[in-house]
2 protein chains.
Amino acid sequence: MDACKALGAKFELWQTAGLDPDRCPVRGLLDQIGDRWSTLLLCALAVGPRRFSALHRLIPDISKRMLTQTLRTLEADGLVHRDVRPTVPPSVTYSLTPLGRSFAGPLLGLVEWAETHFPAVLQTRAETKRAA
Amino acid sequence: MDACKALGAKFELWQTAGLDPDRCPVRGLLDQIGDRWSTLLLCALAVGPRRFSALHRLIPDISKRMLTQTLRTLEADGLVHRDVRPTVPPSVTYSLTPLGRSFAGPLLGLVEWAETHFPAVLQTRAETKRAA
DNA sequence: GTAACTCGGTCTCAGATAGAGACTGGTCGG
DNA sequence: CCGACCAGTCTCTATCTGAGACCGAGTTAC
């Protein structure tokens with residue numbers, strides 16, 4: 001696998017920088033984006049702009065607390081735009097920024113891999129559980 | 001963006017299944033693989049097989065506890081192979097399985113995106129912090 | 001000879017983090 | 001007049017994480 005060597009090479013490069021979170025993209029970016037909700041939210045927003053409560057209905061398992069927090073982080077990272085219109089009741093719409101949209105490509109690659117190999121993983125998990 | 005629509009379409013599909021973690025790959029797989037250490041470990045193992053203590057030296061920030069736990073999860077998911085030779089002192093070598101190696105492709109895409117846009121994100125973060 | 005270090009972990013305890021769900025305040029429908 | 005809806009915040013608890021001590025046998029350093 002070529003990608004494997006490329007990944008390895010990149011890792012060794014970060015290594016030399018002591019894996020400093022300010023220099024290593026995996027630690028600085030993927031740590032955050034890779035949490036339980038960020039990827040799911042980015043997928044939900046890929047469909048189009050959504051309001052806070054619409055997102056909450058789409059993903060009922062997330063608590064309002066984490067929904068707020070995750071959206072704020074994504075906003076701070078410049079992946080999501082937060083549009084507040086101070087009407088009554090308030091209306092807040094979230095949408096992907098161009099940066100956020102540019103993330104859809106790599107994310108789609110990941111998701112497709114996950115879809116393809118998910119059955120295999122589930123089977124391995126089941127076997128492991130039986131062995132234990 | 002085409003990838004954007006594709007992502008959105010996938011999300012709506014999972015939606016119909018109630019985002020069940022057993023059916024939605026993002027929840028079932030990326031939740032786990034996307035934690036702080038898994039991606040980093042996969043990168044480290046992309047270079048080649050490594051022993052437990054070698055991995056710990058490569059990534060000193062991880063505690064032994066989390067290193068054990070993360071490797072066990074990756075093993076249960078079939079991404080990593082654990083090879084124990086009961087010598088004295090014991091020798092345990094971890095390596096990527098074919099499945100793990102097949103993950104290098106999509107992961108590399110993600111990492112390259114992260115590298116490319118990391119400066120922009122850092123800048124946005126800094127601006128957000130200044131505004132606050 | 002004996003003190004220190006290695007191997008790959010496990011264990012405990014404290015601190016950080018996530019989730020559940022009540023609450024806000026103003027405005028609308030019935 | 002009672003409740004729902006908007007976008008959150010707040011508090012309390014449950015879970016998770018990290019730091020670091022400890023294991024036992026063998027190997028090395030002094």
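So that the names make sense, note that chain A is the first sequence line, chain B the second, and so on, each numbered from 1. Both backbone and side-chain heavy atoms feed into the values below; hydrogens, waters and symmetry mates do not.
With rounding to the nearest 0.5 Å, the separation of CD1 in A:Ile59 from CZ in B:Arg27 is 8.0 Å. Of the inter-residue distances, the one linking A:Leu107 atom CG with B:Leu7 atom CG reads 5.0 Å to the nearest 0.5 angstrom.
In this structure, the ring pair (Phe, Tyr, Trp, His ring centres under 6.0 Å) partners of A:Phe103, at least two apart in sequence or on a different chain, are B:Trp113. Listed by chain and residue number, nothing satisfies the salt bridge (charged side-chain N to carboxylate O under 4.0 Å, His left out) test with B:Asp35 (two or more places apart in sequence, or in another chain). Not counting sequence neighbours, the partners of B:Ala76 by the side chain to side chain contact (heavy atoms under 4.5 Å, CB included) test are A:Thr128. Not counting sequence neighbours, the partners of A:Arg23 by the side chain to side chain contact (heavy atoms under 4.5 Å, CB included) test are A:Ala17, A:Asp20.
Taking the nucleotide of DNA chain C with the nearest heavy atom to each of B:Tyr94 and A:Pro90, the more 5' of the two is matched to B:Tyr94.
For DNA chain C, the contact window with chain B, defined by any atom under 4.0 Å from a protein heavy atom, covers C:dC7 to C:dT12 in 5' to 3' order.
A donor-acceptor contact shorter than 3.5 Å links the side chain of B:Thr68 to the backbone of B:Lys64. Panel note: side chain A:Thr70, backbone A:Met66; a donor-acceptor pair is recorded below 3.5 Å. Proximity of a side-chain donor or acceptor of B:Ser91 to a complementary backbone N or O of B:Thr87 within less than 3.5 Å is not detected.
DNA chain C lies under 4.0 Å from at least one heavy atom of each of the following residues of residues 22-52 of chain A: A:Arg36, A:Trp37. Applying a 4.0 Å cut-off to non-hydrogen atoms, the residues of residues 53-72 of chain B that approach DNA chain C are B:Ser53, B:Arg57, B:Lys64, B:Arg65, B:Thr68, B:Arg72, listed by residue number. Within residues 74-85 of chain B, the residues approaching DNA chain C are B:Arg82, by heavy-atom distance under 4.0 Å.
B:Ala114 and A:Pro25 get closest at one heavy-atom pair: CB-CB, 3.7 Å. In terms of heavy atoms, B:Ala6 sits closest to A:Leu108 at CB-CD2, 3.8 Å.
Follow the hydrophobic side-chain contacts under 4.5 Å out from B:Val84 and you reach B:Val80 in the same cluster.
With pairs defined as Watson-Crick or G-U wobble and both atom distances under 3.5 Å, the stems of at least three pairs that touch DNA chain C come out as C:1-30 with D:1-30.
For residues 68-85 of chain B, the set of pairs meeting the salt bridge (charged side-chain N to carboxylate O under 4.0 Å, His left out) definition, not counting sequence neighbours, comprises A:Arg125-B:Asp77, B:Asp83-B:Arg85. Residue pairs meeting the salt bridge (charged side-chain N to carboxylate O under 4.0 Å, His left out) criterion with at least one partner in residues 109-122 of chain B, sequence neighbours excluded, are A:Lys10-B:Glu115.
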Distance-only donor-acceptor pairs under 3.5 Å for side chains of residues 39-58 of chain B, two or more places apart:
unit_1, atom_1, unit_2, atom_2, d
B:His56, NE2, B:Ile62, O, 2.9

